[in-house]
Number of protein chains: 2
Amino acid sequence: MRISVDIVLFGYRKSLQILLIRRKFEPFKGEWALPGGFVLEDESLEQAVLRELKEETGVEMALSRLEQIYTFGAVDRDPRERVISVAYIGLVNPDKFQLLADTDAADAQWFELVESPQLAFDHQEILDLAQKRLQGRLVYSPIGFDLLPEKFLFSEVEDLYQSILNIELDRRNFRKKFLGLGLLEETGERVSEGKGRPAMLYRFNKKVYEQLEKEKINLQLLG
Amino acid sequence: MRISVDIVLFGYRKSLQILLIRRKFEPFKGEWALPGGFVLEDESLEQAVLRELKEETGVEMALSRLEQIYTFGAVDRDPRERVISVAYIGLVNPDKFQLLADTDAADAQWFELVESPQLAFDHQEILDLAQKRLQGRLVYSPIGFDLLPEKFLFSEVEDLYQSILNIELDRRNFRKKFLGLGLLEETGERVSEGKGRPAMLYRFNKKVYEQLEKEKINLQLLG
DNA sequence: ACAAAAGTGTTTTCTATACACCCATGG
DNA sequence: CCATGGGTGTATAGAAAACACTTTTGT
């Protein structure tokens with residue numbers, strides 16, 4: 001019986017993206033799969049995730065943005081032998097990383113979530129659960145900022161929420177509520193995106209977030 | 001590397017209870033611990049939970065009331081060898097079961113959660129997380145009925161919420177909101193608990209619950 | 001008659017929602 | 001001057017919260 005980890009690494013670039021690798025070895029050689037692999041004797045589950053992610057895709061992310069979501073233990077989920085896999089979600093800004101498929105993966109690539117290919121093993125099931133959890137988390141906690149660059153437009157926040165949750169938001173109400181929490185601070189800079197009035201660049205205010213969290217204030221961002 | 005499961009089995013009898021076993025073997029021989037044990041090659045994680053629970057405590061519960069909460073994988077969490085443990089929550093009405101400590105456990109006993117003894121391994125950490133999750137779930141879903149007998153008083157529901165969440169509720173508002181959901185049906189029977197006006201016995205209406213769930217109606221039971 | 005628990009409505013406050021026009025820029 | 005996206009306020013409806021007295025029984 002072996003233990004593996006799998007990671008659903010979400011990125012955001014106009015739409016929600018996931019990072020997949022093409023398997024270099026059997027089983028499912030040549031097919032797309034979630035990054036992941038076996039846990040070594042002397043490393044924690046999170047260390048295994050970060051190591052495999054780096055080996056398979058070149059992405060080096062911070063431990064703090066990893067979140068365990070579920071452990072998949074069906075008897076026959078791996079055709080070789082009994083493998084129990086602990087699944088994690090990670091959130092990154094994809095523009096921060098250059099992908100390199102070196103050790104165990106033939107290729108690593110970002111896919112739009114809605115256009116993701118067929119996946120090896122039970123990875124589609126893992127992905128489906130990860131997406132649900134991401135949606136759930138997004139509503140209660142401003143995790144979206146892990147997906148955005150340091151400075152961003154309010155309209156990007158709006159698009160991110162709409163695209164991850166598959167809903168339409170009232171711009172005025174969303175803005176009022178979100179800015180009302182005080183989690184965003186203006187950088188003072190404005191950028192012009194080609195057309196239209198230039199927009200304010202915002203920055204996530206982590207201190208306010210931690211303060212709100214400490215006071216156990218409910219961060220529910222949508223009704 | 002081995003995989004185990006551990007279960008935090010909650011019961012409710014005036015206050016929140018947990019089922020613990022006294023360990024028969026080393027390590028931590030003679031100390032209290034959560035029921036659980038190693039997963040066999042040809043059984044699912046949930047099957048392992050139910051098997052161990054039955055072997056160690058005599059409790060035979062339904063698979064549907066088991067919920068996986070987290071997988072604990074710290075390198076040194078078991079002094080013998082590397083053991084990764086998948087933790088589950090279960091909810092039962094403790095009056096339904098007779099405890100028998102036969103195979104692997106020297107003793108099995110319900111404890112009030114607030115008076116639980118020191119636990120072996122990292123089981124206190126597992127218990128703390130389980131309690132948090134239970135509180136979280138209770139607010140969004142009427143899981144409390146798994147803890148109560150088939151017929152119960154409304155005041156028992158009220159006490160259950162207050163005792164699990166450590167809050168005080170306004171009786172009138174809570175009753176209004178809860179009964180307004182239509183999840184409870186009157187049995188027509190009234191019982192007198194010694195003192196005071198006899199109270200209506202209610203029954204959980206599972207069909208209404210499933211209907212509400214299907215319609216994706218928000219079951220948030222507290223603000 | 002009194003102690004003890006059950007049962008019940010109304011008012012106020014807050015939050016969510018619906019909704020439409022002006023602003024700043026580039027072409 | 002017009003097309004494009006950015007930015008703003010108010011009115012209404014619904015939900016949550018605050019709040020106290022009456023009912024039914026056992027002793």
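Letters A, B, ... are given to chains in the order of the sequence lines, protein chains preceding strands, and every chain is numbered from 1. The figures here come from the full heavy-atom set of this structure, side chains too, leaving out hydrogens, waters and symmetry mates.
- Rounded to whole Å, the distance from CG on A:D159 to P on D:dG6 is 8 Å.
- In this structure, the side chain of A:Y202 does not engage the main chain of A:F204 through any donor-acceptor pair within 3.5 Å.
- Looking at B:R23 and B:E31, no side-chain N of the basic residue comes within less than 4.0 Å of a carboxylate O on the acidic one, giving no salt bridge.
- The distance from atom CZ of B:R197 to atom C1' of D:dT25 is 9 Å, rounded to the nearest whole Å.
- Look at B:R137 and B:E67 and you find a salt bridge, because one of the NZ, NE, NH1 or NH2 atoms lies within 4.0 Å of a carboxylate O, short of that distance.
- For A:F152 and D:dG6, the CZ to P distance is 14 Å, given to the nearest whole Å.
- A donor-acceptor contact shorter than 3.5 Å links the side chain of A:Q135 to the backbone of A:I164.
- Formation of a donor-acceptor pair under 3.5 Å by the B:H123 side chain with backbone atoms of B:L34 is found in this model.
- Atom pair B:R175:CZ and C:dA5:C1' shows a separation of 11 Å (rounding to whole Å applied).
- Although no hydrogens or angles enter the test, the distance criterion places no donor-acceptor pair under 3.5 Å between the side chain of B:Q98 and the main chain of B:G58.
- The CE atom of B:M200 sits 11 Å away from the C1' atom of C:dA6 (whole-angstrom rounding).
- Listed for the B:D122 side chain is no donor-acceptor partner under 3.5 Å among the backbone atoms of B:E125.
- The distance from atom CZ of A:F174 to atom P of D:dG6 is 14 Å, rounded to the nearest whole Å.
- The 5' end of DNA chain C is approached more closely, in terms of each residue's nearest nucleotide, by B:A199 than by the other of B:A199 and A:G196.
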Dump every N/O contact between nucleotides 9-11 of chain D and the protein below 3.5 Å, one line per pair.
{"unit_1": "D:dT10", "atom_1": "O4", "unit_2": "A:K176", "atom_2": "NZ", "d": "2.8"}

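- Inter-residue side-chain proximity for B:V49 and B:V86 is flagged as unmet; no heavy-atom pair is nearer than 4.5 Å.
- Phosphate proximity of D:dG5 to A:S155: absent, as no side-chain N or O sits under 4.0 Å from OP1 or OP2.
- Put simply, CG on A:L222 is 16 Å from P on C:dT15, counting in whole angstrom units.
- Under the 3.5 Å distance criterion, the side-chain polar atoms of A:R22 are matched with a main-chain donor or acceptor of A:G30.
- A donor and an acceptor atom sit less than 3.5 Å apart, one in the side chain of B:R171 and one in the base of C:dG7.
- The CG-C1' distance, from B:L169 to D:dA16, rounds to 13 Å in whole Å.
- Near DNA chain C, meaning a heavy atom under 4.0 Å away, the residues from residues 178-195 of chain B are B:R190, B:K195.
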